[in-house]
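Structure, as structure tokens:
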Amino acid sequence: VAEALARGYGDTSEARRGLHAYESRLLIPRFLNQVVATDVTVTREEMEAYYEAQKEAFHRPPRIQLRQITVPSEEEAKRVAALLRQGADLAWLARRHSTDSFKDAGGDRGWVTPGPSGDPLEEGLLEAQPGEVLGPVERGDGFIVVQVGAREEQGIYSLDEIGGNVRQTLQEQKTQQALHHFIQTLRGRSEIVLHEDVLARMRI
């Protein structure tokens, strides 16, 4: 740091802008927490009301009994998927064609619990019904096709289980409301002047 400053790197427009941006990242959250949102509180009653209103969004992921076939090429995977959708037996196909570790078990992966990971296959399994075939999907050096054997719903999370998430959501909503009100107050007592000529010369 001393050498950089001695060479004048601290006294450049880039350094000043970077320092200002860093100060802002430290200052703004602290100001919001200690000034703007200092009175933001979330009661148990508000949490319960929010939970009841949004209850259907708090379903546990289902348990899925999953069967899988892995083959080397996408073309072969599409052919396998088509056969399964026509009613072919996955266990028979897996033992004859699959290249993964589930081959000897007839493609049986057991019970899995998919989650909202952003992975297309995982997302598809969240809504998939027994008998449904998904894929092919590229995995490693092969392509997989999966079939849902069975599905078990796991009910809804209780408020005690997800209370932290509910509280955080409500706190964020209330903080945004407080921030909006605070900004309107600042604008109301400020004189805002827009210099069109300066703006036109700016390079962003």
Side-chain angles (χ1 to χ4, degrees), residues 25 29 37 40 42-177:
R25 287 198 299 271
V40 169
V42 177
T43 66
R44 178 71 182 187
E45 290 74 19
E46 289 173 325
M47 292 173 59
E48 290 173 352
Y50 180 87
Y51 173 78
E52 289 300 327
Q54 304 293 329
K55 203 169 187 175
E56 289 304 311
F58 300 133
H59 275 280
R60 299 174 188 272
R63 290 179 71 233
I64 302 292
Q65 186 186 31
L66 200 60
R67 303 164 182 163
Q68 174 178 309
I69 295 177
T70 304
V71 291
S73 70
E74 186 176 14
E75 183 177 341
E76 187 177 359
K78 288 180 178 179
R79 184 176 65 83
V80 167
L83 289 172
L84 292 174
R85 292 184 177 110
Q86 292 168 13
D89 180 59
L90 184 141
W92 182 80
L93 287 172
R95 290 189 176 97
R96 286 177 59 88
H97 301 287
S98 190
T99 61
D100 59 35
S101 59
F102 305 109
K103 174 179 180 175
D104 293 338
D108 186 7
R109 283 184 53 180
W111 290 89
V112 301
T113 303
S117 62
D119 181 274
L121 181 60
E122 293 276 312
E123 296 289 345
L125 287 174
L126 288 172
E127 302 296 332
Q129 298 301 315
E132 191 169 338
V133 177
L134 287 79
V137 177
E138 187 172 8
R139 284 290 187 274
D141 57 355
F143 291 82
I144 68 170
V145 176
V146 299
Q147 185 176 47
V148 176
R151 176 188 177 99
E152 285 186 0
E153 301 298 339
Q154 300 299 300
I156 295 175
Y157 287 108
S158 69
L159 178 56
D160 289 336
E161 290 176 303
I162 59 167
N165 293 342
V166 171
R167 181 181 296 277
Q168 181 178 355
T169 298
L170 289 173
Q171 284 178 331
E172 290 174 353
Q173 290 178 357
K174 286 190 168 188
T175 298
Q176 287 299 316
Q177 292 170 359

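Counting from 1, the numbers follow the sequence of the chain as shown.
- Looking only at atom types and distance, the side chain of E172 has no donor-acceptor partner in the side chain of Q176 under 3.5 Å away.
- When side chains are defined from C-beta on, V145 does not count as touching L93, because their heavy atoms never get closer than 4.5 Å.
- The minimum heavy-atom distance between D119 and L121, with the atom names listed, is OD1-N, 2.9 Å.
- Annotation: side chain of K55 is in contact with side chain of I156 (closest heavy-atom distance under 4.5 Å).
- Note that CD of Q173 is 7.0 Å distant from CD of Q177, once rounded to the nearest 0.5 Å.
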Report the C-alpha distance between M47 and R167 in whole Å, list the side-chain angles of each, state the deciding distance to 0.1 Å, and finish with yes or no for side chain to side chain contact (heavy atoms under 4.5 Å, CB included). CA-CA 6 Å; M47 292 173 59; R167 181 181 296 277; 3.3 Å; yes
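- Closest heavy-atom contact between S158 and Y51: CA-OH, 3.6 Å.
- Rounding to the nearest 0.5 Å gives a distance of 5.0 Å between CD of Q65 and CH2 of W111.
- For the pair S98 (side chain) and T70 (backbone), a donor-acceptor distance under 3.5 Å is present.
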Please list every donor-acceptor pair under 3.5 Å in which a side-chain atom of residues 126-137 meets a protein atom from a residue at least two apart or in another chain.
from, atom 1, to, atom 2, distance (Å)
Q129, NE2, E127, O, 3.2
E132, OE1, Q129, N, 3.1

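- With a 4.5 Å cut-off on side-chain heavy atoms, R139 and Q68 do not count as touching.
- For K174 against V40, the heavy-atom pair with the smallest separation is CB-CG1, 3.6 Å.
- R79 has no carboxylate O lying under 4.0 Å from a charged side-chain N of E75, or vice versa, which leaves the two without a salt bridge.
- Once rounded to the nearest 0.5 Å, the distance linking CD1 of I144 with OG1 of T99 reads 10.5 Å.
- With rounding to the nearest 0.5 angstrom, the CG atom of L66 is 9.5 Å from the CD atom of Q147.
- Side-chain contact between F58 and N165: absent, with no pair of heavy atoms (C-beta onward) separated by less than 4.5 Å.
- Here the CG-CZ distance, from L90 to F102, works out to 12.0 Å after rounding to the nearest 0.5 Å.
- The minimum heavy-atom distance linking P61 with Y157 is given by the pair CD-OH, 3.6 Å.
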Working for salt bridge (charged side-chain N to carboxylate O under 4.0 Å, His left out), residues D108 and R95: CA-CA 11 Å; D108 186 7; R95 290 189 176 97; over 6 Å; no
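- L125 approaches I64 most closely through the heavy-atom pair O-CD1, 3.8 Å.
- For R60 against Q154, the heavy-atom pair with the smallest separation is CD-O, 2.8 Å.
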